[in-house]
Amino acid sequence: MSEPRKKITLPYLFKKVQDCEPITWLTCYDYPTAYLQEQAGIEMILVGDSLGMTMLGYDSTLPVTMEDMIRHSQAVRRGAPTAFLVGDMPYMSYQPSVETAIRNAGRFMAEAGCDAIKLEGGAAMADRIKGIVDAGIPAIGHLGLTPQSVSALGGFKVQGKDAHLAKKIIDDAKALEKAGAFMILLEMVPDRVCKLITERAENCIIMGLGSGPHAHGQLLIYHDMFGLFPKFKPKMAKVFGNAGEVILKGLKLYHDEVKANSFPARENWFIMPDGEFNGLEKLLKSKSTAKRK
Ligand code: KIV
């Protein structure tokens, strides 16, 4: 039997970068999926506020609350005890002030056993990152397509295709690194911009989502990988297996078998031994005779 995996730590992640070994990172929101990701050896797990769309059916991530995030993070931690677990700070859990940001980041660590938090935004959020890091909490920045600002960004689209916006993303990455972020996620940024940021990072791990092959590791949204999100399929999301199709087929089969009386079959129910059943019939009979008297 193979040894159980050791807990994934910050030094482990930096060692992977040093060894030029890409880091694996996936979103996850529930216990059974966390269990599978842990078995598969996935190194980092993000309990993303994308759960608002993938799990709760909202049109955006904005309605997600801290209570939603803590409940799901706790379930994921129970399923994946050794993965490096990242709690995603939901809308308005860090934007109002540095103090709000520190308090809510602390909740992910204390109540859900997270290893780090992630928040969206560049230089404007550097003081939140600094406050959180100064409080002893590892922090990750998120640049490029930042879904909490989807309205200001004009939709779910690539960010930094033009030179000026690309320069701003590069400057933002430096500001976050200076503020103490140990990792930055680049979402839907052109591959060349991602490469420049990765090359310029000094003490910061760069992760990519739809940003090409040059980052130190890759993140994907679990529901996109397995055909589990019906509303749309982003280009960056390779489908690694169509679990949605398999499940739908199984559900239709169940429906048909119940209608046709072919489920449940003999092996799907429990029997009572003849002697006990005869005894039960006698008990019922004697009760009804007693009532008639
Ligand atoms: O919430 C999330 O899953 C995220 C990813 C889109 C990066 O932040």
Side-chain angles (χ1 to χ4, degrees), residues 23-30 33-34 37 42-66 68-73 75-76 80 83-95 101 104-105 108 112 114-122 125 128-129 139-153 155-160 169 172-173 176 181 183-189 194 197 205-212 215-226 228-229 231-238:
I23 297 165
T24 53
W25 193 12
L26 289 179
T27 60
C28 182
Y29 321 101
D30 60 78
T33 311
Q37 293 193 9
I42 303 304
E43 291 158 312
M44 293 180 64
I45 291 181
L46 171 67
V47 183
D49 66 348
S50 51
L51 69 82
M53 298 172 78
T54 54
M55 300 292 285
L56 304 177
Y58 298 132
D59 286 333
S60 77
T61 59
L62 304 192
V64 175
T65 64
M66 271 305 291
D68 294 329
M69 294 305 301
I70 295 289
R71 170 65 64 93
H72 285 269
S73 302
V76 170
F84 192 90
L85 184 63
V86 181
D88 199 14
M89 300 198 61
Y91 188 54
M92 288 301 144
S93 70
Y94 57 96
Q95 289 92 340
N104 284 318
F108 276 106
C114 285
D115 297 299
I117 59 84
K118 171 176 90 56
L119 58 81
E120 298 180 10
M125 289 296 133
R128 276 37 164 212
I129 292 276
I140 301 175
H142 179 169
L143 296 172
L145 174 67
T146 45
Q148 289 174 19
S149 314
V150 69
S151 176
L153 297 176
F156 290 95
K157 54 189 192 194
V158 182
Q159 300 296 312
I169 295 173
D172 278 341
L176 294 179
M183 180 177 276
I184 294 171
L185 169 69
L186 299 177
E187 179 174 353
M188 288 178 79
V189 164
C194 178
I197 293 173
I205 303 173
I206 307 300
M207 299 292 286
L209 168 58
S211 301
H216 297 124
Q218 297 292 328
L219 169 67
L220 268 187
I221 307 279
Y222 173 82
H223 282 60
D224 294 337
M225 290 172 74
F226 291 106
L228 293 169
F229 185 62
K231 286 192 181 160
F232 59 86
K233 185 196 152 312
K235 175 183 167 195
M236 63 209 179
K238 176 173 170 181

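Residue indices begin at 1 and follow the sequence shown. Order of appearance sets the numbers: ligands from 1, and atoms from 1 within every ligand. Remember, it's a predicted structure, so these values are computed and weren't measured experimentally.
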Looking at [atom], what's its closest protein heavy atom, distance included?
atom	value
atom 5 (C) of ligand 1	I221 CD1, 3.9 Å
atom 7 (C) of ligand 1	L185 CD2, 3.3 Å
atom 8 (O) of ligand 1	K118 NZ, 2.9 Å
atom 6 (C) of ligand 1	E187 OE1, 3.4 Å

For [X], take its heavy atoms, then give the atoms of ligand 1 lying under 4.0 Å from any of them.
X	result
L219	7 (C)
G48	1 (O), 2 (C), 3 (O)
H142	7 (C), 8 (O)
L46	2 (C), 3 (O), 4 (C)

Using atom types as modelled and distance alone, determine if a side-chain donor or acceptor of [X] lies under 3.5 Å from a backbone N or O of [Y].
X	Y	answer
S211	L209	yes
E43	T24	yes
T27	L46	no
Y94	I129	no
Q218	G212	yes

inquiry  = Just to be sure I'm reading this right: ignoring hydrogens, which of P147, S50, G144 gets closest to atom 3 (O) of ligand 1? Compare them by their nearest heavy atoms.
reply    =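 When every heavy atom of P147, S50, G144 is considered, S50 comes closest to atom 3 (O) of ligand 1.
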ask   = Tell me, do L185 and W25 make a side-chain contact under 4.5 Å, heavy atoms counted?
value =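 Yes, close enough: below the 4.5 Å cut-off.
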Side chain proximity check, M89 to R128, heavy atoms < 4.5 angstrom =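 No, their side chains stay 4.5 Å or more apart.
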request  = Verify the neighbour count for atom NZ of K238: are there more than 12 heavy atoms of other residues, nucleotides or ligands below 6.0 Å?
outcome  =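 At most 12 heavy atoms, drawn from other residues, nucleotides or ligands, come within 6.0 Å of this atom.
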ask   = Do any N/O atoms on T27 end up under 3.5 angstrom from N/O atoms on ligand 1?
value =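 So ligand 1 has no N or O lying under 3.5 Å from an N or O of T27.
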ask   = ligand 1 and D88, any nitrogen or oxygen pair closer than 3.5 angstrom?
value =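 Min N/O separation from ligand 1 is below 3.5 Å for D88.
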key: Whether Y29 and H223 hold their rings parallel, tilted or perpendicular, with breakpoints at 30° and 60°   =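 Rings of Y29 and H223: tilted, as their planes differ by 30° to 60°.
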request  = Using a 4.0 Å heavy-atom threshold (strictly under), name the region of T61 that reaches ligand 1: side chain, backbone, both or neither.
outcome  =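 Near ligand 1, T61 shows nothing, with every heavy atom at 4.0 Å or more.
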query = How does L51 reach ligand 1, by side chain, by backbone, by both or by neither, if only non-hydrogen atoms under 4.0 Å count?
reply =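 Answer for L51: neither.
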